[in-house]
2 protein chains.
Amino acid sequence: MTAQRELILKIFLDSEDEHMSAEEVYRKVLNRRLRISKATVYRTVDLLSDVGLLRRIVFRDGVIRYELVSKDEHHHHHIICTECGRVEEFPFDLLDDLEKLIEKSTGYKITDHQLKFYGLCSECAKKKSNEATDEATKKATK
Amino acid sequence: MTAQRELILKIFLDSEDEHMSAEEVYRKVLNRRLRISKATVYRTVDLLSDVGLLRRIVFRDGVIRYELVSKDEHHHHHIICTECGRVEEFPFDLLDDLEKLIEKSTGYKITDHQLKFYGLCSECAKKKSNEATDEATKKATK
DNA sequence: CTATATGCAAAAATTTTGCCTGGTA
DNA sequence: TACCAGGCAAAATTTTTGCATATAG
């Protein structure tokens with residue numbers, strides 16, 4: 001356990017519900033006016049994931065992000081706004097039955113599952129529908 | 001519609017249930033002794049995804065892969081072996097109710113969802129349990 | 001004291017871009 | 001013909017690696 005590893009964990013603890021890429025973690029380190037080399041950040045988040053303190057999550061952009069794994073954590077999933085990129089979590093799981101079904105039908109021994117919903121958050125949905133209305137008005141007036 | 005785009009679509013049609021990264025598509029082009037520049041492959045899979053002929057899927061390694069979208073397709077999901085990387089599909093969805101629940105509780109307008117199971121395929125599971133047994137035998141004999 | 005982690009810089013891998021040329025409609 | 005797509009190579013981005021030095025245990 002080194003100062004660098006502690007600091008990186010601390011960054012995750014301090015920004016509880018964020019999902020950060022290695023790059024973003026590195027930026028946060030700089031923001032705190034501390035110096036850890038980029039290589040160490042990459043190595044460390046990888047290591048922390050391997051030992052189970054972080055979890056790798058990947059959205060459609062292909063960027064590997066990391067989130068804190070809390071001990072008492074309920075299985076949770078993510079909903080991502082395709083417009084602004086905001087990520088929220090929701091605590092329902094309900095997939096245990098499905099998981100068992102899949103195990104039976106495929107012969108896999110399932111260890112994990114990840115569910116992601118994509119869509120528009122309420123703000124972006126509103127914005128979009130306003131734009132659509134504006135367009136229509138413009139056309140009608142033209 | 002150009003020869004390059006057709007060829008790339010053809011590659012997806014010929015390898016129906018594969019999930020290929022741009023890089024892999026490019027390699028398949030070379031295997032057919034044809035020449036499309038790498039840039040075109042990247043641009044094309046991206047474009048084909050935007051127009052809805054391909055779908056972007058991302059597993060935990062963060063590599064963006066693409067799969068063919070068939071017109072009559074039932075929503076399907078993926079199960080990935082964490083040992084050998086094999087990917088299989090399964091045709092159950094069953095998430096419509098959950099989706100509605102999420103829409104209500106978050107205010108999002110959901111447009112898509114992706115569910116992935118991770119685990120060991122039956123082969124890798126067998127291999128692992130054999131290894132474990134071997135280890136135990138070794139220890140006992142020692 | 002030994003093994004392991006870090007920093008740095010270079011290398012590798014991956015993806016995007018600019019610009020000119022060629023083909024499509 | 002006008003415009004859009006493709007090829008190529010360079011650039012940008014992201015991630016990994018080698019090696020010397022520093023640090024933890």
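Protein chains get the first letters and strands the later ones, always in sequence-line order, with residue 1 at the start of each. Remember, predicted model here, so these are calculated numbers, not experimental data. Side-chain atoms are counted along with the backbone in the values below, which use heavy atoms only and exclude waters and symmetry mates.
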Take the C1' atoms of the five end pairs on each side of the helix from C:dC1-D:dG25 to C:dA25-D:dT1, get both axes, and report the angle to 10 degrees.
40°
What heavy-atom pair brings [X] and [Y] nearest, and what distance separates the two atoms?
X     : Y     : value
A:V69 : A:L54 : CG2-C, 3.5 Å
B:V58 : A:G62 : CG1-CA, 3.9 Å
A:I80 : A:G85 : CG2-O, 4.4 Å

Among A:V45, A:I8, A:L9, the one residue meeting side chain to side chain contact (heavy atoms under 4.5 Å, CB included) with A:L53:
A:L9
With B:I11, the side chain to side chain contact (heavy atoms under 4.5 Å, CB included) member among B:E24, B:E18, B:E6, B:K28:
B:K28
Quick check on the hydrophobic clustering: are A:Y66 and A:Y42 connected, directly or via other members, by side-chain heavy-atom contacts under 4.5 Å?
no
In residues 26-40 of chain A, what residues come within less than 4.0 Å of DNA chain C, judged by heavy atoms?
A:R35, A:I36, A:S37, A:A39, A:T40
Determine, step by step, whether B:L115 and A:L95 satisfy the side-chain contact (heavy atoms from CB on, under 4.5 Å) criterion, reporting the C-alpha distance in whole Å, the side-chain angles of both residues, the deciding distance to 0.1 Å, and the verdict.
CA-CA 10 Å; B:L115 173 59; A:L95 293 178; 3.8 Å; yes
What is the distance from [atom1] of [X] to [atom2] of [N], rounded to the nearest Å?
X     : N      : atom1 : atom2 : result
B:Y42 : C:dT15 : OH    : C1'   : 5 Å
A:E6  : C:dA5  : CD    : P     : 15 Å
B:L47 : C:dT16 : CG    : C1'   : 15 Å
A:L7  : C:dT6  : CG    : P     : 11 Å

Taking 4.0 Å as the cut-off, does a side-chain nitrogen or oxygen of B:Q4 come that near to OP1 or OP2 on C:dG23?
no
Let me spell it out: for each of B:M1 and B:I64, pick the nucleotide of DNA chain C with the closest heavy atom. Which residue's pick is nearer the 5' end?
B:I64
Heavy-atom nearest nucleotide on DNA chain C for A:T2 versus B:T2: which residue maps closer to 5'?
A:T2
Classify the ring geometry between B:F90 and B:H77 as parallel (under 30°), tilted (30 to 60°) or perpendicular (over 60°).
tilted
Would B:R56 and B:Q114 satisfy side-chain contact (heavy atoms from CB on, under 4.5 Å), going step by step from the backbone distance to the final call?
CA-CA 11 Å; B:R56 296 182 183 89; B:Q114 298 210 359; over 6 Å; no
Starting at the 5' end of DNA chain D, which residue's closest nucleotide do you reach first, A:S21 or A:R43?
A:S21
Heavy atoms only, 4.0 Å cut-off, all strands: where does B:R5 land among base, sugar-phosphate and nothing?
sugar-phosphate
Chain A contact limits on DNA chain D, taken 5' to 3' with a cut-off of 4.0 angstrom to heavy atoms
D:dT14 to D:dG25
Run the salt bridge (charged side-chain N to carboxylate O under 4.0 Å, His left out) check on B:R86 and B:E123 step by step: do they pass?
CA-CA 11 Å; B:R86 159 195 325 213; B:E123 274 180 47; 3.5 Å; yes
Can you spot which of A:R65, A:K116, A:E67 makes a side chain to side chain donor-acceptor pair (under 3.5 Å) with A:H78?
A:E67
